[in-house]
Amino acid sequence: MKFGYFGTMKAKPGHRDEIVSILISGADGLRAAGCHVYVVGVSDSDDQTIWVNEVWESKEHHAASLRLPETRAAIARAMPLLTGEFTQQEITVLGGLGVPAG
């Protein structure tokens with residue numbers, strides 16, 4: 001079973017696109033860390049909320065990714081641009097398009 005982490009974060013007014021850029025810029029290195037799916041999204045009707053959906057090989061892979069220097073640097077750049085409002089849901093991923101079996 002794969003580990004899923006689905007969450008939202010709220011940007012301070014006028015900073016949503018900058019945060020999205022920070023999140024997407026670090027995506028290339030995630031595959032080597034055990035990430036199978038990494039999706040960042042926004043809504044045309046909400047100019048502050050950013051959605052991030054991730055599927056990892058395991059919860060441990062996700063936790064280890066948060067200790068990587070590039071991840072820590074991206075978090076440090078994004079945090080001052082965020083309101084501090086977050087939601088999160090950890091799930092067991094059973095399958096789907098783009099999700100490897102097993």
Side-chain angles (χ1 to χ4, degrees):
M1 300 291 175
K2 306 292 184 228
F3 172 75
Y5 184 90
F6 296 177
T8 65
M9 59 189 77
K10 292 265 189 192
K12 290 180 180 175
H15 292 287
R16 185 186 75 177
D17 293 345
E18 186 176 355
I19 296 166
V20 167
S21 179
I22 292 168
L23 294 171
I24 292 173
S25 70
D28 290 339
L30 295 178
R31 187 173 310 281
C35 185
H36 298 290
V37 176
Y38 183 76
V39 178
V40 178
V42 299
S43 170
D44 291 340
S45 64
D46 180 342
D47 64 355
Q48 286 188 278
T49 304
I50 302 163
W51 285 263
V52 180
N53 295 335
E54 307 172 34
V55 177
W56 291 84
E57 186 62 30
S58 68
K59 185 173 184 172
E60 293 75 23
H61 282 85
H62 177 255
S65 77
L66 297 174
R67 294 188 296 271
L68 295 172
E70 56 270 28
T71 303
R72 294 174 61 82
I75 291 169
R77 288 191 350 253
M79 287 303 284
L81 308 174
L82 296 164
T83 66
E85 297 173 70
F86 301 92
T87 66
Q88 67 180 31
Q89 183 66 51
E90 296 181 1
I91 66 167
T92 300
V93 177
L94 303 176
L97 186 63
V99 178

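What's counted below: heavy atoms across the whole structure, side chains too, no hydrogens, waters or symmetry copies. Values in this document were obtained by computation on a predicted structure and should not be read as measured data.
- Counting all heavy atoms, side chain and backbone alike, Glu54 lies closest to Phe6 at O-CE2, 3.7 Å.
- Hydrophobic clustering (ILVMFWY, side-chain heavy atoms < 4.5 Å, transitive): Trp51 and Val99 are in distinct clusters.
- Using a 4.5 Å cut-off on side-chain heavy atoms (C-beta onward), Glu85 and Met9 make no contact.
- Nearest heavy-atom pair, Arg72 versus Leu66, reported as atom, atom and distance to 0.1 Å: CG-O, 3.4 Å.
- Between Pro13 and Gln48, the shortest heavy-atom distance links the atoms CD-NE2, 3.7 Å.
- Connection of Val55 to Ile91 is established within a shared hydrophobic cluster, with ILVMFWY side chains joined at heavy-atom distances below 4.5 Å, either directly or through further cluster members.
- Of all the heavy atoms in Lys12 and Pro80, the pair that sits closest is NZ-O, 2.9 Å.
- Side-chain contact between Val39 and Val52 is absent, with no heavy atoms from C-beta onward closer than 4.5 Å.
- Following chains of ILVMFWY side-chain contacts shorter than 4.5 Å, one cannot reach Leu30 starting from Leu68, and the two form parts of different hydrophobic clusters.
- In this structure, the separation between CD on Gln89 and OG1 on Thr8 is 11.0 Å, given to the nearest 0.5 Å.
- Side-chain contact between Val37 and Asn53: absent, with no pair of heavy atoms (C-beta onward) separated by less than 4.5 Å.
- Without hydrogens or angle criteria, Thr71 side chain to Ser65 main chain gives a donor-acceptor distance under 3.5 Å.
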Output, in order, the C-alpha distance, side-chain angles, deciding distance and verdict of side-chain contact (heavy atoms from CB on, under 4.5 Å) for Met1 and Val93.
-> CA-CA 6 Å; Met1 300 291 175; Val93 177; over 6 Å; no

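- Listed for the Thr87 side chain is no donor-acceptor partner under 3.5 Å among the backbone atoms of Gly7.
- Comment: Asp46 engages Lys10 in a salt bridge, judged by a side-chain N to carboxylate O separation of less than 4.0 angstrom.
- For the pair Ile22 and Ala74, the tightest heavy-atom approach, listed with the atom from each and the gap, is CG2-O, 3.6 Å.
- For the pair Lys2 and Ala101, the tightest heavy-atom approach, listed with the atom from each and the gap, is NZ-O, 4.0 Å.
- Using bins of under 30°, 30° to 60° and over 60° for the plane-to-plane angle, the ring pair His62/Trp56 lands in the perpendicular bin.
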Applying side-chain contact (heavy atoms from CB on, under 4.5 Å), run through Phe3 and Glu90 and close with a yes or a no.
-> CA-CA 7 Å; Phe3 172 75; Glu90 296 181 1; 3.7 Å; yes

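- One finds the CD1 atom of Ile50 at 11.0 Å from the NE2 atom of His15 (value rounded to the nearest 0.5 Å).
- Inter-residue side-chain proximity for Leu23 and Tyr38 is flagged as met; some heavy-atom pair is nearer than 4.5 Å.
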